[in-house]
Amino acid sequence: MTSAPDGRVTGPAAPTPLTPPTTLLLLRHGETALTPHRRFSGSGGTDPELSGTGLAQAARAAASALLAEAPVHAVISSPLRRCRQTAQAAAERLGLDVEIEDGLREADFGHWEGLTLDEIRTRHPADLRAWQSSATAAPTGATESLAEVAARTAAARDALLARHPGRRLLLVSHVTPIKTLIAGALTAPAEATHAMHLSPASLSVLVHTGPRATMHLYNDTSHLR
């Protein structure tokens, strides 16, 4: 019981309504011609399109049971072409438009664009060692470090959570942004992304309740089998 300003005794205050959780369905784009060779493909490269395999993967992801089990309220994509193509397959199936979020774009890999890890190790060994050991080191000739990518993707996430509270969102992005979002949810350092594998057209799920997030799924490719 509480007392009102005029001395009247009132009942207990009504509880503050809880905001429903916001679910982020994180879909990595399908394969491009660079993917099978594990070549670095960031935001500063050639912006490749999906290969035939990648288009088939996008269609299978769009038809996955995970997307169908509950309403998806928005499809939000990186501006790069491989993500827009992957997002479009899902949006068409869900009857939604594709929204573009620049904060979901892949990292800029500078002079490493189009190279394999072995080629980078040969040409830029010191820069590679620095990048793999410190989130503040950038790839050779790149414009942002891993820490800066993590900050950018976190800002995009926070803006989306503010715009779509209690909704279920499909975010179509790339290896680095998705892994940094997951590392952030687990309160792991950005460098932890180097120990995480993310397959093409895989689905991961983060559920946000207030300031906290829980990982419900990681790197699921069951829809591709």
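- Side-chain atoms of Thr53 do not come within 3.5 Å of backbone N or O of Glu31 as any donor-acceptor pair.
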Chi angles and distances behind the side chain to side chain contact (heavy atoms under 4.5 Å, CB included) call for Glu69, Arg168 = CA-CA 11 Å; Glu69 69 182 17; Arg168 199 163 179 259; 3.4 Å; yes

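- Between Leu170 and Ile76, the closest side-chain pair of non-hydrogen atoms is not below 4.5 Å.
- Under the 4.5 Å side-chain heavy-atom criterion for Ile, Leu, Val, Met, Phe, Trp and Tyr, Leu26 and Val205 are members of distinct hydrophobic clusters.
- With salt bridges taken as basic N to acidic carboxylate O contacts below 4.0 Å, none links Glu49 and Arg84.
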request  = Decide yes or no on side chain to side chain contact (heavy atoms under 4.5 Å, CB included) for Gln132 and Glu191, but give the supporting numbers first.
outcome  = CA-CA 7 Å; Gln132 290 178 325; Glu191 293 92 339; over 6 Å; no

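- Taken from CG in Leu146 to NE2 in His194, the straight-line distance is 5.5 Å, to the nearest 0.5 Å.
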key: Full working for salt bridge (Lys or Arg N to Asp or Glu O under 4.0 Å) between Glu106 and Arg28   = CA-CA 11 Å; Glu106 182 56 286; Arg28 184 190 170 192; over 6 Å; no

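- Nearest heavy-atom pair across Ser202 and Thr221 is CB-CG2, 3.8 Å.
- Exactly one of Leu50, Thr35, Leu34 qualifies for a side chain to side chain contact (heavy atoms under 4.5 Å, CB included) with Arg82. That residue is Leu50.
- For CG of Asp97, the number of neighbouring non-hydrogen atoms (other residues, nucleotides, ligands) closer than 6.0 Å is 12 at most.
- The distance between the ring centers of His124 and Trp131 does not fall below 6.0 angstrom.
- Pairing each heavy atom of Ser145 with each of Ala137, the nearest pair is CB-O, 3.7 Å.
- Distance CD/Glu113 to OG1/Thr46: 7.5 Å, rounded to 0.5 Å.
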task = Dump the intermediate steps for side chain to side chain contact (heavy atoms under 4.5 Å, CB included) on Ile182 and Ser204, then the final yes or no.
result = CA-CA 9 Å; Ile182 290 169; Ser204 302; 3.9 Å; yes

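- The closest side-chain heavy-atom distance from Leu117 to Phe40 is below 4.5 Å.
- Here the side chains of His216 and Leu206 are not in contact, with every heavy-atom distance at 4.5 Å or above.
- Side chains of Thr180 and Thr153: a donor-acceptor N/O pair is present below 3.5 angstrom, by distance only.
- Taking all atoms of both residues into account, the shortest heavy-atom contact from Ser77 to Ala87 is CB-CB, 3.7 Å.
- For the side chain to side chain contact (heavy atoms under 4.5 Å, CB included) criterion with Thr32, the lone passing option out of Ser51, Pro200, Pro48 is Pro48.
- Among all heavy-atom pairs drawn from Asp108 and Gly44, the shortest one is OD1-CA, 4.0 Å.
- Atom CZ of Arg38 sits in a sparse spot, with 12 or fewer heavy atoms from other residues, nucleotides or ligands closer than 6.0 Å.
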request  = Please assess Leu24 against Leu161 for the test side chain to side chain contact (heavy atoms under 4.5 Å, CB included), listing each intermediate value before the final yes or no.
outcome  = CA-CA 9 Å; Leu24 304 183; Leu161 292 175; 4.3 Å; yes

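- Looking only at distances, no side-chain donor or acceptor of Ser64 sits under 3.5 Å from a matching main-chain atom of Arg60.
- When all heavy atoms of Gly42 and Leu80 are compared, the closest pair comes out as O-CD1, 4.0 Å.
- Between Ile120 atom CD1 and Asp127 atom CG the span is 10.0 Å, to the nearest 0.5 Å.
- Both Ile178 and Leu169 are members of a single hydrophobic cluster when ILVMFWY side chains are connected at heavy-atom separations under 4.5 Å.
- Contact of the Arg105 side chain with the Asp102 side chain is registered, since non-hydrogen atoms from C-beta on lie closer than 4.5 Å.
- Summarising the geometry, atom CG belonging to Asp220 is positioned 10.0 Å from atom OG belonging to Ser199; distances are rounded to the nearest 0.5 Å.
- Leu181 is connected to Met196 through a chain of hydrophobic side-chain contacts under 4.5 Å among Ile, Leu, Val, Met, Phe, Trp and Tyr, so both are in one cluster.
- At least one side-chain heavy atom of Arg39 sits under 4.5 Å from a side-chain heavy atom of Glu119.
- From Thr22, atom OG1 reaches atom CZ of Arg167 across 9.5 Å, with rounding to the nearest 0.5 Å.
- When side chains are defined from C-beta on, Leu171 counts as touching Leu104, because their heavy atoms get closer than 4.5 Å.
- Both Leu66 and Val207 are assigned to one and the same hydrophobic cluster, defined by single-linkage of ILVMFWY side chains at heavy-atom distances under 4.5 Å.
- Taking NE2 from His29 and OG from Ser78, the interatomic distance works out to 8.0 Å, rounded to the nearest 0.5 Å.
- Atom CZ of Arg81 has more than 12 heavy atoms from other residues, nucleotides or ligands within 6.0 Å.
- With a 4.5 Å cut-off on side-chain heavy atoms, Cys83 and His174 count as touching.
- Not less than 6.0 angstrom separates the ring centroid of His73 from the ring centroid of His164.
- Arg123 has its side chain out of reach of His111: every pair of non-hydrogen atoms, C-beta onward, lies at least 4.5 Å apart.
- Taken together through direct or relayed side-chain contacts under 4.5 Å among Ile, Leu, Val, Met, Phe, Trp and Tyr, Leu25 and Leu96 form part of one hydrophobic cluster.
- Listed here is the closest heavy atom pair of Ala156 and Gly103: CB-CA, 3.9 Å.
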